[in-house]
There are 2 protein chains.
Amino acid sequence: MVTIDDVAKAAGVSRATTSYALRGDPRIAPGTADKVRHAAARLHYTANLSARSLRSGRNGVIGVAIYELDRAYPSEMSAAMSREIARRGCQTIVQQTANSKEGEIAILQKITSQLCDGMIFSPGNVGDAELKYLSHGKPMVLLDDSSTAPVFDSVDTPCEEGAAQAIRHLAGVGCRDIVVIGPDYRLLDDEFARNGVEGRRLAGCISALEDVGMRVMPDMFVHTTWDAGSARRRAHELVRSGRRFDGAFCLTDTVAMGFIRGLADCGARVPDDVAVVGFDGVAEGASFVPSLTTISVDLEDLARKAIDLLMRRMCEDAGHPLPPRRVVAGYQLVERESTKRG
Amino acid sequence: MVTIDDVAKAAGVSRATTSYALRGDPRIAPGTADKVRHAAARLHYTANLSARSLRSGRNGVIGVAIYELDRAYPSEMSAAMSREIARRGCQTIVQQTANSKEGEIAILQKITSQLCDGMIFSPGNVGDAELKYLSHGKPMVLLDDSSTAPVFDSVDTPCEEGAAQAIRHLAGVGCRDIVVIGPDYRLLDDEFARNGVEGRRLAGCISALEDVGMRVMPDMFVHTTWDAGSARRRAHELVRSGRRFDGAFCLTDTVAMGFIRGLADCGARVPDDVAVVGFDGVAEGASFVPSLTTISVDLEDLARKAIDLLMRRMCEDAGHPLPPRRVVAGYQLVERESTKRG
DNA sequence: TTGAAAGCGCTACCAT
DNA sequence: ATGGTAGCGCTTTCAA
């Protein structure tokens with residue numbers, strides 16, 4: 001293991017000078033700095049991150065803790081974060097929180113907050129107060145925070161607007177009987193859940209349905225977990241039940257593809273019999289048959305905004321903490337075959 | 001920040017005793033250990049990983065460095081690794097190597113090897129010799145290593161066997177004109193490339209084609225990058241060229257779905273006109289229309305074998321290194337609609 | 001069975 | 001402009 005002392009010796013300067021030179025401190029003379037850099041390169045020196053971290057409390061690593069790594073949307077999001085962080089000259093480590101026997105709490109406390117200068121976290125069931133001490137005082141930006149009185153910065157997906165636009169689009173292509181696949185209608189009764197992703201998308205639907213003059217009925221909302229298999233079964237049940245519908249807004253793309261697949265199983269054609277819109281804009285929607293119309297979240301924008309918030313927080317004066325800020329990611333309705341009629 | 005000294009003071013013992021007690025060292029008396037654990041819990045103490053790592057060189061974290069996080073196969077694989085590692089009581093950090101301006105080398109050297117006790121790495125263009133020093137001497141298991149004279153342990157996807165079975169399956173459902181979408185036929189000339197994933201799958205195809213009595217012709221192999229968009233365009237070109245074919249084996253599921261999508265664009269029906277088999281077994285293949293027949297790699301098995309190799313290496317006696325071992329992951333042909341005829 | 005103390009590699013303060 | 005050095009929090013050797 002080659003240490004900073006080896007480099008210092010090779011360059012004929014002190015350890016302190018080596019440290020400064022390697023980090024580009026301006027007070028080191030250009031000639032000296034060059035000598036040091038050469039020695040470091042020759043010896044293949046890399047600073048020991050643990051030591052640096054222990055000493056200075058910073059190591060240039062940003063953590064992204066995400067629920068599931070094997071679903072399209074979160075993994076595309078992690079990749080976007082990773083790119084954006086690299087653009088700022090930092091490194092990313094990604095953690096999957098779902099599978100740990102100790103859960104997301106342990107991961108945050110034991111790993112993410114320790115190995116990183118800051119983190120992006122998608123909160124599941126941990127409250128703000130708990131997050132505060134799990135974060136070890138390090139900056140954290142949440143994704144789709146449901147808190148009514150936010151403590152952390154957060155970047156949200158454009159739930160209300162996106163859902164509303166999806167409904168208007170369906171109405172626009174002539175749908176008269178719209179169903180919404182995903183949300184539990186009863187969740188509107190719960191103040192906390194109403195603030196979450198599902199609640200906000202549901203709210204967007206309801207307001208848009210009213211806008212386009214459709215009567216909002218509980219049986220328009222078909223509850224399902226957000227995976228393709230469940231959505232597919234819901235489609236089977238819905239068709240078998242005899243309920244008529246000519247448009248479906250699905251709360252995620254994965255749900256939409258499962259639902260379309262289920263309709264195909266029953267011989268219902270998309271878009272001719274039923275027009276379908278998803279939400280997320282995952283890559284696979286483009287090669288699906290039929291290709292999927294979707295509310296496509298601008299992940300580059302989401303990542304940029306999240307990292308902006310995080311960097312701002314990392315630079316803040318500890319004595320004068322900034323109030324928590326909340327921003328919404330951009331999005332775009334991408335029209336494809338699943339709603340293309342006539 | 002609560003340190004081990006705070007816990008020691010609270011428990012009324014020394015720092016050393018606290019350290020031993022917290023890690024369950026048997027030489028500490030049960031009563032003392034209990035006292036210490038209580039104090040630690042009361043203070044919400046968590047050991048500082050950087051300090052632990054700096055001092056002992058171990059921290060219970062395993063790194064997974066993967067090329068792209070936003071494609072189905074690598075992200076499902078990372079998730080499987082993450083689960084398997086959790087099962088052994090360790091933590092996982094995942095890194096995407098593709099987007100760093102410094103590249104996979106820098107990531108390995110600067111992050112993965114530093115923050116982890118061991119790593120799983122999917123090598124791109126880095127040679128064994130270079131990997132050796134980038135690994136900081138820490139154990140590393142490669143995924144689909146192409147080396148002719150391996151230096152590291154490696155777990156491989158069942159390329160030859162899987163590809164061969166795919167071809168036999170196509171022949172079995174009556175295909176007489178098979179095309180293979182993905183590989184560059186000329187790559188057989190290159191000894192290194194021949195050892196890679198593409199080369200081995202290609203080799204499997206060729207041997208199976210001969211087995212089933214088909215003449216192997218270069219124009220059966222359609223070169224494409226492994227993404228849905230390119231595969232889709234290849235389908236367009238192939239249909240337009242007038243070449244006849246009634247079966248296609250695609251080197252990955254993503255390629256297969258793009259190719260099927262391209263066939264659909266041209267009005268060719270799957271499986272009636274063309275039967276299609278993919279490779280990987282990604283989740284989305286099940287809800288694709290038509291659902292995708294595929295050589296499904298057993299990711300749980302792959303992860304288990306990889307972590308077994310890594311753990312073995314982490315326990316080895318440094319004086320007597322074990323020779324590199326190479327194992328192959330299990331797989332299964334999953335028959336679905338894309339090859340279901342009659 | 002427990003405690004004292006050295007030191008992992010680095011950064012940052014202070015001195016020169 | 002450069003160097004000496006304390007010390008981040010922990011583990012581990014050695015002594016008691």
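To find a chain, count down the sequence lines: A is the first, B the second, and so on, and within it residues start at 1. Because the structure is a prediction, the values reported are computed rather than measured.
For Arg58(A), there are no salt bridge (Lys or Arg N to Asp or Glu O under 4.0 Å) partners two or more places apart in sequence or in a different chain. When the ring pair (Phe, Tyr, Trp, His ring centres under 6.0 Å) test is applied to His44(A), the partners found at least two apart in sequence or on another chain are Tyr133(B). Scanning for side-chain hydrogen bond (donor to acceptor under 3.5 Å, both in side chains) contacts around Asp145(A) gives Ser147(A), with sequence neighbours left out. Shown here are the side-chain hydrogen bond (donor to acceptor under 3.5 Å, both in side chains) partners of Arg304(B), two or more places apart in sequence or in another chain: Asp301(B). Taking the side-chain hydrogen bond (donor to acceptor under 3.5 Å, both in side chains) definition, one finds that Asp308(A) meets it with Arg88(A), sequence neighbours left out. By the salt bridge (Lys or Arg N to Asp or Glu O under 4.0 Å) test, Glu130(A) pairs with no residue at all, sequence neighbours left out. By the side-chain hydrogen bond (donor to acceptor under 3.5 Å, both in side chains) test, Arg325(B) pairs with no residue at all, sequence neighbours left out.
Between the side chain of Gln96(A) and the backbone N or O of Tyr67(A) there is no donor-acceptor pair closer than 3.5 Å. Side-chain N or O atoms of Ser82(B) include none that pairs as donor or acceptor with a backbone N or O of Thr92(B) at under 3.5 Å. When atom types are taken as modelled, the side chain of Lys138(B) and the backbone of Met119(B) share no donor-acceptor pair closer than 3.5 angstrom.
Checked for salt-bridge contact, Arg326(A) and Asp153(A) miss the test: no charged N lies under 4.0 Å from a carboxylate O. One finds no salt bridge joining Arg23(A) and Asp25(A) here, because no Lys/Arg side-chain nitrogen approaches an Asp/Glu carboxylate oxygen to under 4.0 Å.
As rounded to whole Å, 12 Å separates atom P of dG9(C) from atom CD of Gln114(B). Per the geometry, CG belonging to Leu115(B) stands 16 Å off C1' belonging to dC8(C), to the nearest Å. Rounded to whole angstrom, the span from the CG atom of Asp5(B) across to the C1' atom of dA4(C) amounts to 12 Å. Between the CD1 atom of Ile4(B) and the C1' atom of dC8(C) there is a distance of 15 Å, given to the nearest Å.
If you check residues 40-54 of chain B against DNA chain C, the residues with a heavy atom closer than 4.0 Å are Leu54(B), listed by number.
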Between side-chain atoms of residues 2-10 of chain A and protein atoms elsewhere (two or more places apart, or another chain), which donor-acceptor pairs fall under 3.5 Å?
unit_1	atom_1	unit_2	atom_2	d
Thr3(A)	OG1	Asp5(A)	N	3.2
Asp5(A)	OD1	Arg15(A)	NE	3.0
Asp6(A)	OD2	Thr3(A)	N	2.8

Are any protein N/O atoms closer than 3.5 Å to N/O atoms in nucleotides 12-16 of chain C? If there are, list each pair with its distance.
unit_1	atom_1	unit_2	atom_2	d
dA12(C)	OP1	Arg58(A)	NH2	3.3
dA12(C)	OP2	Arg23(A)	NH1	2.9
dA12(C)	N7	Tyr20(A)	OH	3.3
dC13(C)	N4	Tyr20(A)	OH	2.6

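One axis for each end of the helix from dT1(C)-dA16(D) to dT16(C)-dA1(D), each built from five base pairs, and the angle between them comes to 40° at 10° resolution.
Chain A approaches DNA chain D within less than 4.0 angstrom (heavy atoms of the protein), and the contacting nucleotides run 5' to 3' from dA1(D) to dG9(D).
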